[in-house]
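Heads up, the thing below is written out as structure tokens.
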Number of protein chains: 2
Amino acid sequence: MVSQTRPRRRADAERSIARIVAAARARLTEDPDATIDAIAAEAGVGRMTLYGHFKTRADLVEAALSAALEAGEAVLAGVDLEGDPQEALDRLLASSWSLVAESAALLEAAQGVLPSGRLRELHADPAKRVEDLLRRGQREGVFRTDLPLPWLVSVIQYVLHGAAEQLRAGNLTEANVAETAVATVNAVLRPPA
Amino acid sequence: MVSQTRPRRRADAERSIARIVAAARARLTEDPDATIDAIAAEAGVGRMTLYGHFKTRADLVEAALSAALEAGEAVLAGVDLEGDPQEALDRLLASSWSLVAESAALLEAAQGVLPSGRLRELHADPAKRVEDLLRRGQREGVFRTDLPLPWLVSVIQYVLHGAAEQLRAGNLTEANVAETAVATVNAVLRPPA
DNA sequence: CTTAACTCGTATATTCCCGTACGAGATAAA
DNA sequence: TTTATCTCGTACGGGAATATACGAGTTAAG
């Protein structure tokens, strides 16, 4: 998964990096412009330690985004995408909606600091998995075919991102946010009358 | 419409202000963190001239947001919202989707610099108009009632904002963006089977 | 135990942006 | 034409954030 360029790395360094990346994911998700200071503080490490592992801000953002996408991949890999596409999508969203929402937020955070090519490259694999499922659903007549596929994928992201936002704002609750998001996505994908 | 605190203001000042506000709307819509320099440059005016009319960044953002919302109000006021709610909404979106998308973007830009109370206050009127239409549609059985009304309003914003974004990215074209956005919104509001 | 790796504080350079001050020149309004 | 307003350049100060430099103390690994 992670590039193993340096064969020797001490255990505490490994731990620090993990905590920094976790902090970056958390912090950047709720504020795309979060300071390096803030991330270091949330990770419980000195700012200089952080710079020891990530020379530039872009490095850190990319690491956070990669970690989130890898986590997403791991979850997606564990979901059964066979059978009825509608139910498969429900399963997928139920188990990964928050991760997808996080990825979308990080993607936005990375928009400015990473070259757009690198961005698309990182995001290609997870997007493709959703895309394939939607395509199969379209073939089987379960999902609408009158709108561009990439648009449908984007709308799913917008909805999940929005759901996370409304949850933070207190307009949705932990109890109903997943249900609401899933119902909305299903409505978007349903073929028109 | 606009407060007339200063009875005497020269015509060229009036013109400058108009150009600055227009530039702010355009610039902030596509980059919420746009620099005052950039806005002044796009307005074709010196930075100091800008400061002559807007003492602080918040003032400028608020002016831009107000202008966009007023423009939206003007358009909304000209749309016939009576009759079948579904068709009324289609009319409304067709004639104002880009303005709503712009307002959403500016709203996001203003999130950090304006007190949230002032923000809600500015946004209350236009939002209410859409909300009323949706409510009427719900009563008449045209729109779904199983999801919270504020959520539906938010989703409309997300979709329109996303459509504008995809248009900028080149994934949608001028020709199909409105149609796509409207179809998506209709799908969201349609009662479930 | 010895070494190399890691942590982390302070200090500093740099950059970017906001906002203010001053003042000279251009222009609209009377 | 006279006057007040407006434009706009240059310059300055402050603040925040990124990134580097140096060095002393701490800790894992052999």
Side-chain angles (χ1 to χ4, degrees), chain A residues 2-24 26-28 30-65 106 108-115, chain B residues 2-24 27-28 30-65 108-115:
Chain A
V2 178
S3 58
Q4 206 75 346
T5 61
R6 265 301 236 335
R8 334 173 178 168
R9 190 154 55 178
R10 266 171 44 175
D12 53 349
E14 209 78 57
R15 240 179 304 133
S16 287
I17 292 178
R19 295 207 307 187
I20 290 171
V21 169
R27 207 68 196 71
L28 289 174
E30 69 175 39
D31 178 12
D33 297 323
T35 300
I36 287 201
D37 286 54
I39 294 172
E42 177 148 337
V45 311
R47 207 171 47 126
M48 302 327 297
T49 302
L50 193 157
Y51 272 111
H53 297 293
F54 303 93
K55 299 193 212 316
T56 156
R57 184 172 215 280
D59 284 353
L60 179 56
V61 172
E62 173 162 345
L65 180 57
L106 286 179
E108 187 190 333
Q111 213 100 26
V113 290
L114 291 188
Chain B
V2 177
S3 57
Q4 207 74 343
T5 60
R6 266 303 235 337
R8 334 172 178 169
R9 191 155 54 178
R10 266 171 44 175
D12 52 350
E14 209 79 57
R15 241 179 303 133
S16 287
I17 292 178
R19 294 206 309 186
I20 290 171
V21 170
R27 207 68 196 72
L28 289 175
E30 68 175 40
D31 177 13
D33 298 323
T35 299
I36 287 200
D37 287 55
I39 294 173
E42 176 147 339
V45 95
R47 200 169 59 111
M48 302 326 298
T49 301
L50 193 157
Y51 273 111
H53 298 293
F54 303 93
K55 298 193 213 315
T56 155
R57 184 172 216 279
D59 284 353
L60 180 56
V61 172
E62 174 162 345
L65 180 58
E108 187 189 334
Q111 212 100 27
V113 290
L114 291 189

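Values reported hereafter were calculated over all heavy atoms of this structure, with side chains retained and with hydrogens, waters and symmetry mates removed. In what follows, chains are A, B, ... by sequence order, proteins preceding strands, each numbered from 1.
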What distance separates Asp59(A) CG from Leu50(A) CG, expressed to the nearest 0.5 Å? 10.5 Å
Intermediate values then yes/no, side chain to side chain contact (heavy atoms under 4.5 Å, CB included), Ile17(B) and Phe54(B): CA-CA 9 Å; Ile17(B) 292 178; Phe54(B) 303 93; 4.2 Å; yes
Ranges pairing with ranges for DNA chain D, where each run has three or more Watson-Crick or G-U pairs under 3.5 Å: C:1-17 with D:14-30, C:19-30 with D:1-12
Where Ala40(A) and Arg47(A) come nearest, the two heavy atoms and their spacing: CB-CA, 4.0 Å
Within residues 12-22 of chain B, residues whose heavy atoms come under 4.0 Å of DNA chain C: none
In terms of side-chain heavy atoms of Asp37(B), which of dA19(D), dC18(C), dA4(C) is nearest? dC18(C)
Any residue of residues 43-55 of chain B with a heavy atom less than 4.0 Å from an atom of DNA chain C: Arg47(B), Met48(B), Tyr51(B), Lys55(B)
Heavy-atom pair of closest approach, residues Ala13(A) and Arg9(A): CB-CG, 3.9 Å
Measuring from Arg27(B):CZ to Asp33(B):CG, what's the distance to the nearest 0.5 Å? 10.5 Å
DNA chain C: 5'-proximal contact among Thr56(B) and Ala11(B) (nearest heavy atom): Thr56(B)
Below 4.0 Å: OP1/OP2 of dC16(C) and any side-chain N or O of Thr35(B): no
To the closest 0.5 Å, what do you measure between CD1 (Ile36(A)) and OG1 (Thr56(A))? 7.0 Å
Over all heavy atoms of both residues, which pair between Val45(B) and Ser16(B) is shortest? Give the atoms and the distance, please. CG2-OG, 4.4 Å
Hey, are the side chains of Leu60(B) and Leu28(B) touching, using non-hydrogen atoms and a 4.5 Å cut-off? no
Is the phosphate of dC18(C), meaning OP1 or OP2, less than 4.0 Å from a side-chain N or O of Arg57(B)? yes
Tell me: CG of Asp31(B) to P of dC17(C), nearest whole Å? 10 Å
Minimum heavy-atom distance between Leu65(A) and Ala110(A), given as atom pair plus value: CD2-CB, 4.1 Å
If you go through the side-chain atoms of Arg9(B), does one of them form a donor-acceptor pair with the base of dT5(D) closer than 3.5 Å? no
How far does CD1 of Ile39(A) sit from CZ of Arg57(A), to the nearest 0.5 angstrom? 6.0 Å
Which heavy atom of Glu42(A) sits nearest a heavy atom of Ala26(A), and at what distance? OE2-CB, 3.5 Å
